[in-house]
Structures are given as C-alpha cells and as structure tokens.
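In what follows, chains carry the letters A, B, and so on, assigned in the order in which the sequence lines appear, proteins first and then strands, with residues in each chain numbered from 1.
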Amino acid sequence: MLTKGAYDPVQEEPGILKYWLDGKLFKPEYHAQRGLLSEEEVKQDERETFCIINPPPNAYMRPHIGNVSGYAYQDVMLRFNRMLGKKVLGQPGKDHAGIQGEVVVEKIFIEKEGKGKLEMGRDEFYKKAYDHFINIMPRIMADEQRIGLSSDYDRNVFTLDPRIVDTILGTFIKMFQDKMVYKGVRIVNWDPKAKTTLADIDTERISRESELVYIKYPLIKNMVWALSFYDQQVLSMVRDSTKSIETRALNPEEKDRFFGNIKTGDLLIAVEKSGEGVHHVYKKAGNIEIYKNLEEAFIKVEWTKVFGRNLNSVQELRDVYESLKPGYADLIEKNGLIAIELLDLLEDDYISVATTRAETMLGDTAVTVNPADPRYSGLIGKQVLLPIVNRPIPIISSVRVDKEFGTGAVKLTPAHAYDDYVIMNEWNAQNPAKAVGYINIIDKEAKMAGPIPQKYLGLATEQCRQVVKADLGNLVYKTEKIEQSIMIGERSKAVVEQIMSSQWFLDVEKLKEPAIKAVEKGEVKIHPGYMTKKYLNWMNNLRDWPVSRSLWWGYRIPVWYKGEITETIDENGQIVQSIAGEKVVDINDAVNKGLAAVGITSPQEGWIQDNDVFDTWFSSGQWPYATLKANGLLEAFYPTQVMETAYDILELWVSRMIMLGIYHEGKAPFKDVYLHGLVKAPDGQKMSKSKNNVIEPDSVIEKYGADSLRLLYLVGNKAGAGYPVSYEKLEGYKRFLNKIWNASKFVMGIVGELDPNQKPDLNPLDIQQINKTIELSKKIGVQISKFRLGLAAEELYQMFWHEFCDLYLEQIKPRVYTRDREGNPINTSQDELKSMASAKWSVVYILKTYLKLLHPFVPFITERIWQEMPKIQGESATIMYEKWPE
RNA sequence: GGCUGCGUAGUUCAGCUGGUAGAACGUUCGAUUCACAUUCGAAAGGUCACAGGUUCGAGUCCUGUCGCAGCCACCA
C-alpha cells in the first residue's frame, strides 16, 4: 500500500533499489521475463542494441554532486531505450586515476602504515594500491546505484583489471609495429615534486607577481685570440661557430703553413671575424709575421690597444688577463696551451632581452628577433656574447616573437621553454646550416646542472635566478614587476619545470585524420552542435602525444631493456640515453642493437622493464572497446550509441576515444556525444575544494531524494550549459514527487478492485484524454531521441501536474464518487455507471502511461507506485521493462 | 591574442528548422475540512543587452558595439 500523507523519497527509495539490483533484474540487456542471458545468447538476441559506456569515475574517492549528474542523463537514455525494447547495456567501470590515484593512496598508506611508496617498493605498492581500489569500489558503485543509474553492475570493470591491461598494452605494441610510437628527447613538463612528466592538461596555471629582468647581451664584432705555446706541442685553436672553443693538434702541413718555426713560449694572436667564416691570421709576438689572409679588419687592430702593450712571455699574457674586465676575456689552458680569448666588443653595442627566468640564460643558445622588426633585422646572423658563460650565440629570427613585448628580442632557451623549443625546431628546419641546439641546465630535481660554471651547480632554479641576476651586474639595466602565470602541477601544486627528457610519444598524424573526418561527416555527432568546433579546433592543432608518465600506478610500458636504462646530461647539455652502458639514439636503434624489445613479457631472463606507465588518457581512450572486450560483448555492442560526459573533457577524452576506437576497431566507438554542463554551487560559483563549496550527493539525496536530484539535473537544462544547485528547485521537485504519489494514491483509491483487463466502453471525454497522453508520449519520445532531455522533463512535469492532476482528475471526481458530501448515493443510473467504469479504466490507463513516461526521469517513485498498480496481462513486474507507450 | 557560449519576468533558466514571449521559485489577491496546505484558482511583472540589416514577419538569421563567462594559446 502507498503510505498516507506526503511521499517521503528518502524513506522509500533505498527499498526500491532491490527491484533493480536483486536477483537478475538489473541486467539491462534482457527483459526480466526472459531471465539471465549468457554471452552467447546476447549475441543471438537480434534486437537493436543500445549501449552507453558510463564514464568511469575515479575509484579513489566518492563523487560530488557534479560528478554524478552525468548518470542522470545516461540513465534517462538507458531506461528510455530499454523501454523501447532494445537490447540495452550500460557499461560501468572505475578508473585508477593515474597521478591523482597514486598520490592519494600513497598519502593514505603513509597515514596508516607510515610507509610511502619508496619504502614499499614498486610491487608491494602496486599490489596494495590495487587492493585498496578494489575495496573502495563497491562504495563508489553504490553511489551510482543510489542515483538510479541502471547499468549492468555485474559487468563493472576496473581500468587495471588484467583483461583491460592486455588490450591496452596490445594496442601499444600494435602501434609500435605500425611505426606510430617513438621514444625521443623532447621538452616536457616536469613536475619535480611528483617526479613525473605532465601532459599540458595535467597542469594548471596560477597567476603571480614576478620580475621581468632586462639584460644586455653584448654584440660581438671581432673575436681576438691570443695564444701561447710553452711546450713542445704545436697546437692550434679552432673556434666552433656556435659552441665553445676547442683545441686540436695541427697536422704537419697546417703546422708548417700557419706556424712555421714557432718555438715554445712564443706568443701568437689569432683573429677571427665573426659570422664570416674562419680566417686565421697569426702573429708572433715581438716579431710579427703574417702567415695567411691578412684581413683588413685585422690590420686595423692595434695590439697595443688590445693588450695595452706588446707581450713577450706567457707570464705577460697572464698579467694581461688579470687586468682585463671580466666578461671581455677568458683564460684558456688546455693541452699545454695557454690562451686568452679576447672579445673585441662593439663598444656599447648590445641587444637587450627581457626575462623572468634569468637563470635559464646559462642555457641560452640564441637570441631571437622578429624578422619584420626594423630595430633588429640587420642583426640577424650576428653573434652575441652570452654573459657569465661567455659563449657566443647567434641571433636568429622567428615570426613568433612579439615585437611589442619586452625588448622585442628573446633569449632562446630551447631546453626550458616550450616556445623556445618550437622556435628552435622551426629555425633548424628552415636553416639547417645555421642550426642551433639546446643546452639542458636543469635536472629532474629542479636544480641547476649541466655545462654551467661550477658555482651554480646544484642551486635551486629560483635561488640561482637571484645569483645570476647579481652576477650579471650592470648588464641588468632594468627590472619591472609583471603579472605572470606560471604552470603548476594540477595535483602536486609544484611549479612545473620544462626540461628535456626522453619520452614515449604517439605519432598522431595517422590517428587524427579519420577522427576529424568522422566528425566532419557526421558519423559522430556532438551535442550541443557548437562544441563540434571545439573538437575540430583541438584536433587540427594536435601535436604528438607524450604517453609516458613516471609513475608506478598504471599500465607499465611493455618495453624491456637488456640492462639499466639511464638518462644523463652530458658536458654539452645534451640528454644521452644508454642501455646497459651502451649509448642508444632511439628505441629503434636500441631494438636493432638487441638492447631493447617491445612485448608483454620479458624476452629474456634479467631484462628490465621500462619504468614508466602510460598516461591515463591512453587507456581511457580505449575504454569503450576494452570494457566490451573484457566482458565478451565487443561484437554485440560495438560501436555503442551514445557517449555522455562533461563538456570539459571533450578534447581530452572523447577525442582520444574516437582516434583510438577508429584505429583499433575501424569504427568510432559511438555515434552521438552528449556533453553536459557543469553543476555550479548555489551562488553560481564553480564548485571546488579550495572554495570549500563542494556539495556531496548524499547531503541532497538524504533530504530530497535521488529523484528530486535527477530532476534538478534534468528539468529545463540543455546540453553544454552549466547551472547552479538550487535548493528552492529541489524543494519544488520533492513536491512534484509528492504530487505523483498522491495522485496515484487517489487513483488507486477510487478504482478499488477494478480489473484493468476488462476494458469498458469508453466515454469520448476519456478517449480524448487518452489520445492526449499518447500524443505526449510521442512528443517526449522524440525529444529524448533528439537529446532534448530538459525539454522532455519540463513538459512532463507540466503535463502531469497541470493537465492530469489539476484538470483530468478534478474532472472525473464527480463521475467516480458513489456518495455526495452529505453521504447520499450518487451516480446510480446506467449511464452514470457506464461513465464511471470508463473513467476508472481510463484514469488507470492514463496514470500508467504517465508513470512510464516519467520513469526514465524519476525511476524510484515510478517503480514504487508501479509495484502497487493493478496489472493487466503481459505487463512487467518492474516498470523498467515496460514498453514505452505508443 | 584566437575560438566558443551567454546577455529573455525580482531570481534561476527554457524557448527545436523565424510567425505577435514560457516554466520553476518569489510576489499580490482569493479559495479550501475533498489524494495532496508539499493544495487549488487568479493576477501583476519582460520595448527578449544596444544599434543597424535580411524578411510580409526576428528573442530566433546576418553585421557591428557593449557587458559576462568558458576554453585554447601566450605572458620570453
């Protein structure tokens, strides 16, 4: 019996779950009457399929009110299509959540056992984390059930389930064979706290005040070298155009040609005019001789001017060096050679750059200007002397440089700034002869490293920034405060460093084309339609996808090495990889040399597996076919019909599913993408933990019931648009539930023992009402099919309350009562009795129709009432398997 | 800077392919021992941001302006 008085969803709802969860009823792919189908039978069932893969929530924490909103939309579609008689599957799953998951469980372990992952070791940590996730999962699943999501929980899968792992790794191996995978040194976002690389999306930006430092880089006109020999070796100095000085032995011919009868202790001076090739000119101190190509420029050099006087001995050379201004000369002692490198700078001629990261100047490899900038265009190709390290670097050009910002000239640090990295690549592609390189000077601890002066080694970047700034002295001529947005790890909140590192990449060229076409051709439709542009914009600008993450929690990359794989910064600042001590260029090189192999299992005893795991999106992107395959339902349900998720992961997740789905299965994994907006806090603010305005679903469900919450998500809302939680609305929806309850109670009260199988002659008034209801069914059906769930819910709300209750029920009251207010018998004539019978039968019919129409939206109350309704033959025990009215 | 969305009643928002404005909540007035006071009836309240244009007709299409939000890139 339906209880007297008001409907209490909080009391009633938990009991209703048993109709769907107990026994075999909650198997969406078959009707209750037909019993549990085996996988084989599912395949033989030829009904049209309808499948929604539920976006797997993070398995480590319970969802908030916004996280579960999607289930309401998914469930409306699942229940609607189930009622249409389709073979329906809602496929639930739980996500291991990559970095987030690892950080969260480690924290729990540290709290509980005082042991972090390093103390546990990889295997123990993984095992414990796995158990932990498996244990929490039922709790998360209960939240899904509590909101009424009618998915097939017996087929719930965890992302790290071995059945899924095989598929994910298999895809990587296939891609490797298809030459779509490579491992290469590239700039990455490095989180020094979490010790992992981060995809752009795993980072966020915060704004902070920062100091823009203007630095003068001296332009180089000529470079003068002073050399001295003081032993029997005859040496020469050769200047590399972009790197540092190197010495080498001269061959006899050169020796004779350039040096003749030079004796140890003689002083030589060499001049090289920068940017115009190498011209060697030598002088012998005291007795000047010119051996080759006397340059006009050289002639003009007055040695007394350069040195202040003539030099006659090594000691004098040293004395001169001591007296020179720092930054203008360098003393070089190498292989028995002593030399002063003198830089003949253009007097007071500088190119100025502005930077917020002064310390990275130690790794600069060029200065970049806009080719259309008249201030600098004449300087392109010239060299500047990088202060402190005294390394000559070229001035190059790029249209990416903003003429307006700073000085219009940019210091190029390709190893530590993404944009600089891009500029380097573009420049090198267009100017292979004048290619510039990168110099990595920050290590994975965010400390200074590599080929930089000793005093900076090991300093934290921020600390080093101050030291460098001080050391630059008056080369820093201006500083200004600016608002700068810096990248931090989304989870760790640590400042992200961009560094060069070796990473696994997916070449997306082959992946993206068909995924773009699928959407352009409408094979995959995105709702709301305008989001299609977002998708295409993203896809068209897609770059190769770094898929490795330095974590333990996830799918370990199925690549094996013969020995330890190491990554070091060499003396030139280059990242060098070696396996078992042997240098390798890339993965193909390593495989060819027999030092690495790709496969699920180790090729040989003692080989070491790659330490990294895959980016979670690499696995999430395979979720549709991986889950179905794990359940043996791939053939029966792939491709699915609808993907319903939040609009903010359209690019991250949906695009990957389309790409990988087409790659792996030849077809996009779904036909329609329905994107819902984000639920906001009551004040219209975005819900976030930091604002402390997060609402738990329980807090709402325990007061208003899950059905009310579903209506909040549904009524009057449209795809893609966010909306605030409104307690007034929730209150209103609870009243609506009460209205359904009381109307049903009233109907059951007046019809009494009516046998709904006995259909009486119907009064035209009732027929009219029945037709109206049928018309409504069609309308609602169309709206749901067109993803206008909000309109459908709103219309139902209106029609049920104001048409059915306020008008029709009031209308039949005088026809169905047997006594008037004074207690006198009424409605006793034949005609009146006929009208009464018609009204009673019709009102039951119409109420049932409404319950069915309402069921996808408010499943709990409609199921509860359905259980009490007098059934006719062929009607299902639970309303969820009833036929959609038509 | 690029892209996108939004700007409609006091509030939160609907309004699909263009046809003289809708819901919920709130407000005001009235009803009521009836399935439901978690009710019913009625009313007030909007030149649909602004300015142009297309059209017989525009909240709906186009152009521009202003304001708000989001996303992407950048911030060297």
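- Listed by chain and residue number, A:D200, A:Q498 satisfy the side-chain hydrogen bond (donor to acceptor under 3.5 Å, both in side chains) test with A:N189 (two or more places apart in sequence, or in another chain).
- Going from atom NZ of A:K786 over to atom P of B:A14 covers 19 Å, rounded to whole Å.
- Distance noted for atom C1' between B:A21 and B:A51: 22 Å (whole Å).
- With P as the reference atom, B:G41 and B:G26 are 15 Å apart, rounded to whole Å.
- When the P atom of B:U38 is taken as reference, atom CG of A:D8 falls 14 Å away, rounded to whole Å.
- Here A:K411 lies in heavy-atom contact (under 4.0 Å) with sugar-phosphate atoms only.
- A:L791 comes within contact range of the sugar-phosphate backbone alone, with a heavy-atom separation under 4.0 Å but no base atom that close.
- For the contact set between residues 699-719 of chain A and RNA chain B, defined by any heavy atom under 4.0 Å, the members are A:G716, A:K718.
- Across the C1' atoms, B:U39 and B:G15 are found 29 Å apart, a figure rounded to whole Å.
- Distance check on atom P: B:U65 versus B:U4 gives 14 Å, rounded to whole Å.
- Within 4.0 Å of A:D419, counting heavy atoms only, lie sugar-phosphate atoms of the nucleic acid but no base atom.
- A distance of about 30 Å separates the P atoms of B:G2 and B:G59, rounded to the whole Å.
- At the heavy-atom level, A:S726 lies nowhere under 4.0 Å from the strands shown.
- Protein atom CG of A:L650 is 13 Å distant from nucleotide atom C1' of B:C72, rounded to whole Å.
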Check nucleotides 28-35 of chain B against the protein and report each pair of N or O atoms closer than 3.5 Å, with its distance, or say if there are none.
from  : atom 1 : to     : atom 2 : distance (Å)
B:C34 : O2     : A:R821 : NH2    : 3.2
B:C34 : N3     : A:R821 : NH2    : 3.2
B:A35 : OP1    : A:Y817 : OH     : 2.9
B:A35 : O2'    : A:N742 : OD1    : 2.6
B:A35 : N7     : A:K813 : NZ     : 3.3
B:A35 : N6     : A:E810 : OE2    : 3.1
B:A35 : N3     : A:N742 : O      : 3.2
B:A35 : N3     : A:A743 : N      : 3.4

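- One interatomic measurement links the two molecules: NE2 of A:H527 to P of B:C16, which rounds to 16 Å at whole-angstrom precision.
- Annotation: side chain of A:Y727 is in contact with side chain of A:I695 (closest heavy-atom distance under 4.5 Å).
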remark   = Annotated structure of RNA chain B as dot-bracket, pair cut-off 3.5 Å, Watson-Crick or G-U only, | for inter-strand, is (((((((..((((.....[..)))).(((((.......))))).....(((((..]....))))))))))))....

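- The side chain of A:A721 has B:A14 as its nearest neighbour among B:U39, B:A14, B:C13.
- Summarising the geometry of A:S620 relative to A:W653, their closest heavy-atom pair is O-NE1, 2.9 Å, with the distance given to 0.1 Å.
- Listed by chain and number, the residues in a ring-ring contact (aromatic ring centres under 6.0 Å, His included) with A:H527 are A:F787 (sequence neighbours excluded).
- Under a cut-off of 6.0 angstrom, the local environment of CD in A:E775 is sparse, with at most 12 non-hydrogen atoms contributed by other residues, nucleotides or ligands.
- Residues forming a side-chain hydrogen bond (donor to acceptor under 3.5 Å, both in side chains) with A:R815 (at least two apart in sequence, or on another chain): A:D766, A:S835.
- In this structure, A:F736 has its ring center under 6.0 Å from that of A:Y797.
- When each of B:A23, B:C40, B:G70 is scored by its nearest atom to the side-chain atoms of A:Y647, the top-ranked nucleotide is B:G70.
- With values rounded to the nearest 0.5 angstrom, A:D707 atom CG is found 5.0 Å from A:L737 atom CG.
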